[in-house]
Amino acid sequence: MSFLFKRSKKAIYHLDSLDKNMKIAIKTIIDCSMSDVAKAYGLRYAIPKWGEPIFVPYGELDGEFNSTREAYSIIEEAINESSKEGISQFKSWYPNSQILDQYRISYYSFTDEHYGYIAGIGADPLITHSYFQLPEFKGKNVFILSPALSSVTDFPFLDNIYQYKKEIIESYSWANSQFHSKYDKDNSYDEELGMYFMGILMDKIRKRVEKNARNQIENADVLVVPLFVSQNKYGHGESIKERWIDSEFYRKSMYHELEALPAIWNTESAGNLIMNSIGKFSTLVLLFDKGVPSMEKCKEECLSQYIGPMRVVEDKERYKIIELVK
């Protein structure tokens, strides 16, 4: 990181000392990481074992900027420069994961014995992650009912997330704007920049898996349904925003608990897709990111009300293999 300190124009210890447009740009993109959307595609942001290997001191972001978009381009350039050295550390920490050049930005500061107190931003890359335990599918024609395995398998899948791209971004933009208007003394949030940043994120994620993405469910021997446990956390509504508003999280201003994924992909949406696909598969495999009870006890999470007559072949905590009975 030392090369960054040498290039920094001056020591800046607080975000408020930066140009207004830079300050707004930083505060905006920090709120636009959409970790749940990454999770929907079998990705997550890397967690540093120590420090922030990809780090940009505020001094590197000093200057006057005509717009938040111009300020963002400087942030992007500085992160890319820092990642030339820092990314190798993440690769050593996560040797079995693929690393994307898309980052979650956060505030970070530390004390260096040569430079003293250093404040700035850290950047953690997206990495592939296996949320699920998979049974053996050898010799079987497999179709996945969501993108959750798209980063760790080559099976065709229904992309039931990207089709909501516009709604997802607009919903987060609305929630972030509400949060900043209520709780940020400077109300420093740029909706246009935030939507631009989130759009880049979703497009990058989609592009790397698009060869296996499908717009409708295909016939297969096995239909695999990846389910994130406890996703029925919001109320009712026809849109993401309406479901958020009809929840205790919104009523208590817990904006950090508002996620698009549970509003789109939950037991209800998965169950409806299964019911509408009966006849396209003979075996159903339910995958869970956490352990669940047996089928006899696991009613809602295991979609029993949607499946109909069935024979349970394997009943594990992390997956259920079910044969449909005609």
Side-chain angles (χ1 to χ4, degrees), residues 32-45 97-102 104 126-132 134 137 140-173 195-229 231-232 234 238-241 243 259-281 283-289 303 306 319:
C32 294
S33 59
M34 296 197 297
S35 298
D36 61 311
V37 174
K39 181 179 179 180
Y41 285 86
L43 301 166
R44 72 177 178 89
Y45 289 102
S97 296
Q98 297 177 40
I99 297 181
L100 285 67
D101 64 338
Q102 182 68 30
R104 174 179 58 193
L126 274 177
I127 61 172
T128 55
H129 182 69
S130 297
Y131 288 96
F132 302 95
L134 274 64
F137 293 129
K140 299 291 186 180
N141 182 12
V142 176
F143 190 83
I144 314 296
L145 203 57
S146 87
L149 303 179
S150 62
S151 293
V152 294
T153 72
D154 284 322
F155 297 127
F157 66 91
L158 179 70
D159 194 343
N160 49 6
I161 302 298
Y162 193 76
Q163 62 180 295
Y164 292 101
K165 174 188 172 183
K166 185 174 184 291
E167 184 183 350
I168 290 171
I169 292 173
E170 288 179 349
S171 298
Y172 271 115
S173 181
M195 294 177 74
Y196 171 75
F197 183 82
M198 290 186 281
I200 290 174
L201 169 61
M202 291 199 69
D203 288 344
K204 277 189 178 180
I205 291 174
R206 164 69 182 209
K207 186 174 182 180
R208 70 181 300 275
V209 299
E210 63 184 354
K211 69 182 178 68
N212 292 321
R214 305 291 187 269
N215 294 322
Q216 59 185 16
I217 300 171
E218 298 179 348
N219 292 329
D221 300 322
V222 181
L223 181 68
V224 179
V225 187
L227 296 165
F228 296 104
V229 177
Q231 288 292 278
N232 301 334
Y234 303 125
E238 296 299 317
S239 66
I240 297 169
K241 182 178 172 181
R243 285 175 175 257
E259 298 178 318
L261 178 59
I264 297 170
W265 183 241
N266 49 54
T267 55
E268 180 184 2
S269 55
N272 288 333
L273 284 174
I274 290 171
M275 285 198 305
N276 293 333
S277 305
I278 298 297
K280 290 189 173 185
F281 59 93
T283 300
L284 180 69
V285 176
L286 305 179
L287 304 178
F288 304 92
D289 65 323
L303 310 178
Y306 298 99
Y319 65 82

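In what follows, every heavy atom counts, from backbone to side chain, and hydrogens, waters and symmetry copies are set aside.
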Inset, instruction - Using atom types as modelled and distance alone, determine if a side-chain donor or acceptor of Y164 lies under 3.5 Å from a backbone N or O of A260. - result: no

Legend entry - Sub-4.5 Å side-chain heavy-atom contact between N276 and I217: no

Inset, instruction - Determine yes or no for a side-chain-to-main-chain donor-acceptor pair under 3.5 angstrom, with T128 supplying the side chain and S97 the backbone. - result: no

Inset, instruction - Can you sort out the partners of K140 under side chain to side chain donor-acceptor pair (under 3.5 Å), two or more places apart, ordered by chain and number? - result: none

Legend entry - Smallest separation among heavy atoms of N272 and Y306, with atom names: OD1-CE2, 3.8 Å

Inset, instruction - Output all residues satisfying ring pair (Phe, Tyr, Trp, His ring centres under 6.0 Å) with Y172, sequence neighbours left out; order by chain, then residue number. - result: W244

Inset, instruction - Output the distance between atom CE (M198) and atom SG (C32), rounded to the nearest 0.5 Å. - result: 4.0 Å

Legend entry - CZ on R243 to CD1 on I264, rounded to 0.5 Å: 9.5 Å

Legend entry - Residue pairs involving residues 145-154 (criterion side chain to side chain donor-acceptor pair (under 3.5 Å); sequence neighbours excluded): S151-R208

Inset, instruction - Heavy atoms only: give me the nearest A270-V225 pair and the separation to one decimal. - result: CB-CG1, 4.2 Å

Legend entry - Atom of R214, atom of F143 and distance for their closest heavy-atom approach: CG-CE1, 3.9 Å

Inset, instruction - Could you tell me whether a side-chain N or O of Y234 sits under 3.5 Å from a main-chain N or O of E259, the two making a donor and an acceptor? - result: yes

Inset, instruction - Evaluate the side-chain proximity of Q102 to F197: yes if any heavy-atom separation is below 4.5 Å, no if none is. - result: yes

Inset, instruction - Identify, with sequence neighbours excluded, every residue that meets side chain to side chain donor-acceptor pair (under 3.5 Å) alongside K280. - result: none

Inset, instruction - Considering non-hydrogen atoms only, spot the tightest contact between F137 and V222 and give its length. - result: CE2-CG1, 4.1 Å

Legend entry - Non-hydrogen side-chain atoms of L261 and V37 separated by less than 4.5 Å: no

Legend entry - L126 side chain near I205 side chain, heavy-atom distance below 4.5 Å: yes

Inset, instruction - Measure up the F228 and F132 rings against each other and bin them: parallel (under 30°), tilted (30 to 60°), perpendicular (over 60°). - result: tilted

Legend entry - Reported CD1-to-NZ distance for the pair I161 and K39, which is rounded to 0.5 angstrom: 11.5 Å

Inset, instruction - For R44 and G42, indicate whether the former's side chain and the latter's backbone hold a donor-acceptor pair under 3.5 Å. - result: no

Inset, instruction - Answer whether the closest heavy-atom distance between the side chains of F281 and I274 falls below 4.5 Å. - result: yes

Legend entry - Test item: D221 side-chain N/O and T283 main-chain N/O as donor-acceptor pair under 3.5 Å: no

Legend entry - CG on L43 to OH on Y45, rounded to 0.5 Å: 9.0 Å

Inset, instruction - Say whether, by atom type as modelled, one donor and one acceptor occur between the side chain of Y41 and the main chain of L149 under 3.5 angstrom. - result: no

Inset, instruction - Report the distance from atom NZ of K204 to atom CG of L100, rounding to the nearest 0.5 Å. - result: 8.0 Å

Legend entry - Side chain to side chain, L145 and L223, heavy atoms closer than 4.5 Å: yes

Inset, instruction - Sorted by first residue and then second, give each ring pair (Phe, Tyr, Trp, His ring centres under 6.0 Å) pair with at least one member in residues 207-227; sequence neighbours left out. - result: none

Legend entry - salt bridge (charged side-chain N to carboxylate O under 4.0 Å, His left out) partner of D159, the single match among K207, K211, R206: R206

Legend entry - Contact list for residues 161-170, test salt bridge (Lys or Arg N to Asp or Glu O under 4.0 Å), sequence neighbours left out: K165-D203, K166-E170

Inset, instruction - Please tell me if the side chains of F155 and V224 come closer than 4.5 Å, counting only heavy atoms from C-beta onward. - result: no

Legend entry - Atom pair CG/CG of L287 and L227 - distance to nearest 0.5 Å: 7.5 Å

